[in-house]
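Written below as structure tokens is the structure these notes are about.
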Amino acid sequence: MSSKNYTDVIIDGKIYNIGGFESEAYLQKVASYINNMILEFKQNEGYRMQKLDVQRILLEINIANDYFKAKKQADLLESDLEVKEKEVYDLKHELIMSDAKADTTKKELEEALEKIKSLEKEVVALQTKLKK
């Protein structure tokens, strides 16, 4: 199991020491996401006029909204991947069946060609007999 990483990040102008099993770069990326969202919200006058606790809940709601949208997209992609994997499996199965059928047909063709050669020899032999 990997060890827990700790790193200092700046969120909304304050330094926080956060930790997790992810890389420090990932933790910085999370902090950057939160900072960008805070900056975006602070540009809205209606947001700035709200009490601090309301501002925080609005921020949390929007982060949760982003999460659920991303999760829905991931679920859709996962579902699509499952469908594609089944299609690939079915196509591989169909290819194997086609290869087997082609092998059988090739053997039948080779047997038919051998039969034709044999019959041609018989025809030549019979023609030779008739001429005598």
Side-chain angles (χ1 to χ4, degrees):
M1 187 168 161
S2 61
S3 62
K4 198 167 186 180
N5 295 311
Y6 292 92
T7 188
D8 288 334
V9 297
I10 300 173
I11 297 176
D12 199 21
K14 296 177 185 161
I15 298 175
Y16 296 92
N17 185 274
I18 62 173
F21 292 103
E22 295 82 6
S23 69
E24 288 184 24
Y26 177 81
L27 297 173
Q28 290 290 344
K29 186 176 179 179
V30 170
S32 176
Y33 169 80
I34 293 170
N35 267 325
N36 288 337
M37 188 162 275
I38 290 170
L39 288 174
E40 184 180 318
F41 273 61
K42 283 186 173 181
Q43 292 174 357
N44 183 312
E45 186 177 338
Y47 175 81
R48 288 191 313 259
M49 292 173 45
Q50 300 295 323
K51 292 181 183 180
L52 187 58
D53 61 334
V54 174
Q55 288 179 356
R56 292 297 174 199
I57 197 70
L58 290 172
L59 182 65
E60 292 164 355
I61 288 169
N62 279 274
I63 290 171
N65 182 49
D66 286 352
Y67 166 78
F68 284 112
K69 284 180 180 178
K71 178 147 179 31
K72 182 179 179 182
Q73 182 65 25
D75 290 345
L76 288 172
L77 291 172
E78 188 174 315
S79 176
D80 190 41
L81 178 62
E82 288 174 6
V83 168
K84 299 266 188 253
E85 285 174 344
K86 181 167 181 355
E87 287 175 2
V88 168
Y89 174 82
D90 291 345
L91 287 172
K92 284 181 179 179
H93 184 263
E94 189 177 317
L95 178 62
I96 290 168
M97 296 301 290
S98 294
D99 283 348
K101 188 174 182 180
D103 288 344
T104 301
T105 304
K106 183 179 177 184
K107 286 179 186 175
E108 289 173 354
L109 178 61
E110 288 171 355
E111 289 171 1
L113 288 173
E114 286 298 318
K115 182 74 172 171
I116 289 171
K117 284 181 186 177
S118 172
L119 291 172
E120 284 176 344
K121 286 179 185 177
E122 279 186 44
V123 167
V124 170
L126 290 172
Q127 286 176 343
T128 305
K129 261 188 182 181
L130 284 174
K131 287 183 182 176
K132 288 184 184 180

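As a basis for the values below, the full set of heavy atoms in this structure was taken, side chains included, without hydrogen atoms, waters or symmetry mates.
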- Task: Would you sort out whether Glu22 and Val30 count as a side chain to side chain contact (heavy atoms under 4.5 Å, CB included), showing the intermediate values?
- Result: CA-CA 11 Å; Glu22 295 82 6; Val30 170; over 6 Å; no

- Message: So Arg56 and Ile38, do their side chains get closer than 4.5 Å, heavy atoms only?
- Response: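 Sidechains of Arg56 and Ile38: in contact.
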
Tell me whether [X] at atom [atom1] has more than 12 heavy atoms from other residues, nucleotides or ligands lying less than 6.0 Å away.
X	atom1	answer
Tyr33	OH	yes
Glu87	CD	yes
Ile15	CD1	no
Glu45	CD	no

- Asp75 and Lys71: salt bridge (charged side-chain N to carboxylate O under 4.0 Å, His left out), yes or no, with the steps? CA-CA 6 Å; Asp75 290 345; Lys71 178 147 179 31; 3.5 Å; yes

- Message: If you compare all heavy atoms of Val9 against all heavy atoms of Ala31, which two are closest, and at what distance to 0.1 Å?
- Response: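 For Val9 and Ala31, the tightest heavy-atom pair comes out as CB-CB, 3.6 Å.
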
- Closest contact, heavy atoms only, Val124 versus Thr128: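 Smallest interatomic distance, heavy atoms only, reads O-OG1, 2.7 Å.
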
With sequence neighbours excluded, what pairs up with [X] under the salt bridge (charged side-chain N to carboxylate O under 4.0 Å, His left out) test?
X	answer
Lys51	none
Asp53	none
Lys86	Asp90

Examine distances only and state if a side-chain atom of [X] and a backbone atom of [Y] form a donor-acceptor pair shorter than 3.5 Å.
X	Y	value
Ser118	Glu114	no
Ser98	Glu94	yes
Thr104	Ala100	yes
Asp80	Leu76	no
Gln28	Asp8	yes

- Quick one: ring pair (Phe, Tyr, Trp, His ring centres under 6.0 Å) partners of Tyr6, sequence neighbours excluded?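 Checked Tyr6 against ring pair (Phe, Tyr, Trp, His ring centres under 6.0 Å); zero matches.
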
State plainly whether one hydrophobic cluster holds both [X] and [Y], where clusters connect Ile, Leu, Val, Met, Phe, Trp and Tyr through side-chain heavy atoms under 4.5 angstrom apart.
X	Y	value
Ile10	Phe41	no
Phe21	Ile18	no
Ile63	Ile11	yes
Leu59	Val54	yes

- Message: Measuring from atom NZ of Lys101 to atom CD of Glu108, what distance do you get when rounded to the nearest 0.5 angstrom?
- Response: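 Reported value, rounded in 0.5 Å steps: 10.0 Å.
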
- Pairs flagged by salt bridge (charged side-chain N to carboxylate O under 4.0 Å, His left out) wherever residues 27-44 is involved - sequence neighbours left out: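 As it turns out, the salt bridge (charged side-chain N to carboxylate O under 4.0 Å, His left out) pairs with a partner in residues 27-44, which skip direct neighbours, are Asp12-Lys42.
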
- Qualifying residues under side chain to side chain donor-acceptor pair (under 3.5 Å), relative to Gln50, sequence neighbours excluded: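 Partners of Gln50 under the side chain to side chain donor-acceptor pair (under 3.5 Å) test: none.
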
